[in-house]
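Structure, as structure tokens:
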Amino acid sequence: MKLTRKLVLAKAKASDLESVKKLNCWGCNLTDLYKCMSFQISIFSQMPSIEVLTLSVNNISSLSPLAGCLSLSELYLRRNMIPTLSELCHLRPLTRLRVLWLAENPCCGTDPSRYRLTVLRCLPRLQKLDNQVVTEDEIALALVEGDEVSTPTSSIQSQLPNNGLLDTETENDPLNYNMEETNKIRKELGMKPLSRDKFSSPSSPSTVEKPTMKKTHILDAVLLLLSDLDEEELQVVHTATQNRLQTYTLDSGDGQRSPAQKTADIQH
């Protein structure tokens with residue numbers, strides 16, 4: 001399950017994401033903290049004020065979406081699916097983080113002492129780990145005996161199917177892929193899904209160019225992001241779009257009437 005804007009606002013009892021300071025999503029069956037998976041956009045990028053975050057008892061496997069939560073001071077991740085302590089590298093930029101609960105994750109291993117020293121070496125500013133106060137002596141020992149962890153090179157790619165690549169079946173059938181992705185976006189926007197006959201079926205999958213597919217994903221992302229904009233921000237987008245359309249109108253010449261020109265004629 002994805003952590004959506006609607007879920008965040010309901011849990012935090014807030015009217016906008018920017019004002020959320022505390023969020024409790026304990027036991028919500030969450031697996032994905034990204035707002036837009038195709039472009040690795042974290043929903044927390046719209047929550048700059050978040051200070052206390054509870055994500056315990058879920059199925060989260062990556063901490064990379066939290067790397068931008070610079071105001072975060074308390075993070076509860078007990079009983080998730082964090083696979084390796086290397087994921088803690090994503091929390092290093094969070095200089096205000098003082099409380100972390102990470103117990104009962106696969107990354108904790110079978111050696112409690114080694115686990116604790118490794119976490120404290122990676123995050124020496126912590127004051128409490130797994131509900132146990134961190135002492136100065138522990139920090140000093142961790143810097144000597146704790147294992148050094150490094151950011152996994154595939155941490156972002158691992159969040160995508162097959163390490164960021166389309167599987168063979170999907171890649172060879174762009175019709176199915178585009179239909180599925182487009183309808184997923186339309187569903188999140190509250191729009192009706194399109195039927196298969198609305199998509200043109202290419203005579204040969206090899207004739208479909210990747211840049212075309214890339215543009216499709218960009219359009220999907222833009223449509224998805226529109227749902228989170230307020231009236232003022234939408235007006236900015238509207239103005240920019242009108243300016244862009246005007247450019248196309250000027251470039252089209254007098255010989256042909258583009259769709260943008262026809263639209264402009266109707267509006268004026």
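All residue numbers in this chain count up from 1 along the given sequence.
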The side chain to side chain contact (heavy atoms under 4.5 Å, CB included) partners of C28 (sequence neighbours excluded) come to K11, C25, L30, N58

Yes or no on side chain to side chain contact (heavy atoms under 4.5 Å, CB included) for S42 and L33, after CA distance, side-chain angles and deciding distance? CA-CA 6 Å; S42 168; L33 301 179; 5.5 Å; no

Taken to the nearest 0.5 Å, the spacing of E51 CD from L23 CG works out to 12.5 Å

Heavy atoms of C122 and L88 approach each other most closely as SG-CB, 3.8 Å

Applying side chain to side chain donor-acceptor pair (under 3.5 Å) to N59 and not counting sequence neighbours gives N29

Value for CE (M81) from OG (S61), rounded to nearest 0.5 Å, stands at 8.0 Å

Are M1 and D32 side-chain neighbours, meaning at least one heavy-atom pair lies under 4.5 Å?
no

Audit row: Q46, V8, side chain to side chain contact (heavy atoms under 4.5 Å, CB included) steps and yes/no = CA-CA 11 Å; Q46 293 185 292; V8 170; over 6 Å; no

On a heavy-atom basis, the closest approach of L63 and E87 is N-OE1, 3.0 Å

S73 meets the side chain to side chain donor-acceptor pair (under 3.5 Å) criterion, sequence neighbours left out, with none

The reported gap from CG in L91 to OG in S64 (rounded to nearest 0.5 angstrom) is 10.0 Å

Sorted by chain and residue number, the salt bridge (charged side-chain N to carboxylate O under 4.0 Å, His left out) partners of R121 (sequence neighbours excluded) come out as E148

Hits for side chain to side chain donor-acceptor pair (under 3.5 Å) against N105, two or more places apart or cross-chain, chain-then-number order -> none

NZ (K13) and NZ (K22) are apart, to the nearest 0.5 Å, by 13.0 Å

CZ (R125) with more than 12 external heavy atoms under 6.0 Å: no

* For E18, does its backbone N or O pair with a side-chain atom of S49 as donor and acceptor, under 3.5 Å? -> yes

Scanning both residues in full, the closest heavy-atom pair of V119 with L85 reads CG2-CD2, 4.0 Å

Separation between CG (L17) and CZ (F44), nearest 0.5 Å, reads 10.0 Å

Applying side chain to side chain contact (heavy atoms under 4.5 Å, CB included) to A14 and not counting sequence neighbours gives L9, A12, S19, V20

Just by distance, no angles: are the side chains of S56 and T54 close enough, under 3.5 Å, to form a donor-acceptor pair?
no

By side chain to side chain donor-acceptor pair (under 3.5 Å), R96 pairs with (sequence neighbours left out) none

Decide whether L117 and I82 are clustered together by the hydrophobic rule: side chain heavy atoms of Ile, Leu, Val, Met, Phe, Trp, Tyr closer than 4.5 Å, transitively.
-> no

For V52, the other hydrophobic cluster members (4.5 Å side-chain criterion, sorted by chain and number) are Y76, V99, W101

One should read off an interatomic distance between K128 NZ and L100 CG, to the nearest 0.5 angstrom, of 12.0 Å

The complete set of salt bridge (charged side-chain N to carboxylate O under 4.0 Å, His left out) pairs with one or both residues in residues 77-86, sequence neighbours excluded, reads R78-E104

Here the salt bridge (charged side-chain N to carboxylate O under 4.0 Å, His left out) pairs for residues 131-145, sequence neighbours left out, are R116-E138

Here the pair of heavy atoms bringing P124 nearest to I139 is O-CD1, 3.5 Å

Do L53 and M47 come close enough that some side-chain heavy atom pair is under 4.5 Å?
no

*Decide whether L141 and L143 are clustered together by the hydrophobic rule: side chain heavy atoms of Ile, Leu, Val, Met, Phe, Trp, Tyr closer than 4.5 Å, transitively.*
no

Using a 4.5 Å side-chain heavy-atom cut-off and chaining through intermediate ILVMFWY residues, the residues clustered with W26 come out as V57

Looking only at heavy atoms, the pair that brings D130 and L102 closest together is OD1-N, 2.6 Å

Taken in chain and number order and not counting sequence neighbours, the residues that satisfy salt bridge (charged side-chain N to carboxylate O under 4.0 Å, His left out) with D147 are R114

In short, L94 meets A67 closest at the heavy-atom pair CD2-O, 3.6 Å

